[in-house]
K.L.:
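Below you will find the structure I want to go over with you.
So that the names make sense, note that chain A is the first sequence line, chain B the second, and so on, each numbered from 1.
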Amino acid sequence: MPELPEVETVRRALAPDIRGQRIARVVVRQPRLRWPVSPGLRREAPGQRVQTVQRRGKYLLLGLDTGTVILHLGMSGSLRILNKAAPPEPHDHLDLCFCSGRMLRLRDPRRFGSVHWTRVDPQRHRLLRHLGPEPLASTFNGDYLYHTSRGRRLAMKTLLMDARVVAGIGNIYANEALFVAGVHPARHAGRVSRLRCDRLVEAVHDVLRRAIRAGGTTLRDFRHPDGAAGYFRTDLKVYGREGQPCVYCGALLRRRLLNQRSCFYCPSCQR
DNA sequence: CAAAGGTCCTGCTCGC
DNA sequence: TGCGAGCAGGACCTTT
């Protein structure tokens, strides 16, 4: 579910509420997520304050005094702030309880998310170490995309969704950016021209920035930590719109599978 | 029933 | 034949 704009939305909503809060205890009801919840979290986090709330790709990083909590929401994860203790509902796997009585609660029905604790530089953690540039950083530019894609025969959409190439672009925003740039999702990455790499990067920037401004995309269950929905869904131009007319040319949008992922595009505008 | 927004890992294929 | 790189598919799990 949550791609970069959704995680950034969560980060912004969370930061003012938990920054400076001291952790009283960590409650783990279900340690078996995508990977086991780091046992060190329960032992070491209590007594520490949340110093920073950052994001790297789709990962949320809570910087404590002596280490970092690394959170990934997978496909169905969500975080809520509770002002006082409330009984957990099904799939509420983990709570960070603060001394103030407030708590941060992780729910994740599908359990594709994960929670890690590391005492060393989180950027060196095995899950973050190989991530490519942030898509909104200046290092992700047309020059970079052009050179990274040369000689590669995989679909451009698949390349855009490869976190080692660029971090945080998932299925929805890859589809949207390709449409805005007029690049066919199945086009071999190595056969996209320099000019079109420039356009594609610009489209990624544009789509992600607008999605963050709208508070992310709520398709079914994505929610802000206060329960609000994201509004980018109404701005989606191709995702989930097969059979509807292209907003540019009126041709009917199509859907197909590419590496097991749904792919939405305009057969006329995207080449 | 198939498919759903993620992504690590395994194993196949290809080219050198 | 052997090796590494690149790539596709499987796996994880629950809900609709």
K.L.:
Using the six-membered ring wherever Trp is involved, compare the ring planes of A/Trp35 and A/His116 and label them parallel, tilted or perpendicular (cut-offs 30° and 60°).
P.N.:
tilted
K.L.:
Let's test your reading of the pairing rules: Watson-Crick or G-U wobble, both distances under 3.5 Å, then write DNA chain C as a dot-bracket string with ( ), [ ], | and dots.
P.N.:
.|||||||||||.|||
K.L.:
Does A/Arg110 qualify as a cation-pi partner of A/Phe112, given the criterion of NZ or CZ under 6.0 Å from the six-membered ring centre and within 45 degrees of its axis?
P.N.:
yes
K.L.:
So do A/Tyr265 and A/Arg256 actually touch side chain to side chain, heavy atoms under 4.5 Å?
P.N.:
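A/Arg256 reaches A/Tyr265 side chain to side chain.
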K.L.:
Select base, sugar-phosphate, or nothing to describe what A/Tyr59 touches, counting heavy atoms under 4.0 Å on all strands.
P.N.:
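Touches sugar-phosphate only.
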K.L.:
Nearest-Å distance, CG (A/Asn259) to P (B/dA4)?
P.N.:
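About 13 Å, once rounded to whole Å.
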K.L.:
Closest to the A/Phe112 side chain: B/dA4, C/dC13, B/dT7?
P.N.:
C/dC13
K.L.:
Whole Å only: how far is the CG atom of A/Asn175 from the C1' atom of B/dG5?
P.N.:
11 Å
K.L.:
Roughly, in whole Å, what's the span from CD in A/Gln260 to C1' in C/dG9?
P.N.:
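About 6 Å, once rounded to whole Å.
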K.L.:
To the nearest Å, how far apart are A/His188 NE2 and C/dC7 C1'?
P.N.:
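Spelled out: NE2 on A/His188 to C1' on C/dC7 is 12 Å.
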K.L.:
Figure out the CG/P separation between A/Leu154 and C/dA5, and round it to whole Å.
P.N.:
16 Å
K.L.:
Would you mind classifying the nucleic acid contact of A/Leu33 as base, sugar-phosphate or nothing, using non-hydrogen atoms under 4.0 angstrom?
P.N.:
nothing
K.L.:
Are A/Leu200 and A/Val180 side-chain neighbours, meaning at least one heavy-atom pair lies under 4.5 Å?
P.N.:
no
K.L.:
Would you kindly give the CZ-to-P distance between A/Arg111 and B/dC8, to the nearest whole Å?
P.N.:
19 Å
K.L.:
Does CZ belonging to A/Arg210 count more than 12 external heavy atoms closer than 6.0 Å?
P.N.:
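Counting other residues, nucleotides and ligands, CZ of A/Arg210 exceeds 12 neighbours.
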K.L.:
With respect to the phosphate group of B/dG6, does any side-chain polar atom (N or O) of A/His72 fall under 4.0 Å of OP1 or OP2?
P.N.:
no
K.L.:
Scan A/Arg255 against the nucleic acid and name what it touches under 4.0 Å (heavy atoms): base, sugar-phosphate only, or nothing.
P.N.:
sugar-phosphate
K.L.:
Counting side-chain heavy atoms from CB outward, which of B/dG5, C/dG6, B/dG6 is closest to A/Tyr239?
P.N.:
B/dG5
K.L.:
Given that A/Pro90 and A/Arg34 both sit by DNA chain C, which one's nearest nucleotide is further toward the 5' end?
P.N.:
A/Arg34
K.L.:
Please compare A/Arg153 and A/Leu131 by the position of their nearest nucleotide in DNA chain B and report the one closer to 5'.
P.N.:
A/Leu131
K.L.:
Which whole number of Å gives the distance between the P atom of B/dG5 and that of C/dC7?
P.N.:
22 Å
K.L.:
Counting just side-chain N and O atoms, does A/His130 come under 4.0 Å of either OP1 or OP2 of B/dT7?
P.N.:
no
K.L.:
Considering every strand and a 4.0 Å limit on heavy-atom distances, what is the contact class for A/Arg164: base, sugar-phosphate, or nothing?
P.N.:
nothing
K.L.:
Would you check if there is a donor-acceptor pair between the side chains of A/Tyr173 and A/Glu6 at a distance under 3.5 Å?
P.N.:
yes
K.L.:
How long is the line joining CG of A/Leu236 and C1' of B/dA4, in whole Å?
P.N.:
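To the nearest whole Å, that distance equals 15 Å.
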K.L.:
A/Asp162 CG to B/dT7 P: how many Å, rounded?
P.N.:
11 Å
K.L.:
Tell me what A/Arg261 touches on the nucleic acid: a base, only sugar-phosphate, or nothing, going by heavy atoms under 4.0 Å.
P.N.:
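Answer is base: heavy atoms of A/Arg261 come under 4.0 Å of a base.
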K.L.:
Are A/Ser262 and A/Arg255 linked by a side-chain donor-acceptor pair shorter than 3.5 Å?
P.N.:
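The answer is yes; a qualifying pair exists.
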K.L.:
Measure from NZ or CZ of A/Arg55 to the centre of the six-membered ring of A/Tyr59 and say whether it is under 6.0 Å with the direction within 45° of the ring axis.
P.N.:
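Not flagged: A/Arg55 not positioned over aromatic ring of A/Tyr59.
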K.L.:
Kindly indicate whether the side chain of A/Arg110 and the base of C/dT15 share any N or O donor-acceptor pair separated by less than 3.5 Å?
P.N.:
no
K.L.:
The side chain of A/Arg152 lies closest to which of these nucleotides: B/dG5, C/dC7, B/dG6?
P.N.:
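The nucleotide sitting nearest to the side chain is C/dC7.
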K.L.:
Answer with base, sugar-phosphate or nothing: what part of the nucleic acid does A/Arg107 contact at a heavy-atom distance below 4.0 Å?
P.N.:
nothing
K.L.:
May I ask you to test the A/Phe140-A/Glu134 pair for a side-chain heavy-atom distance under 4.5 Å?
P.N.:
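In short, these two side chains do not touch, never coming nearer than 4.5 Å.
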K.L.:
At under 4.0 Å, does any side-chain N or O of A/Ser262 touch on OP1 or OP2 of B/dA4?
P.N.:
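It does, given that an N or O in the side chain of A/Ser262 lies less than 4.0 Å from OP1 or OP2 of B/dA4.
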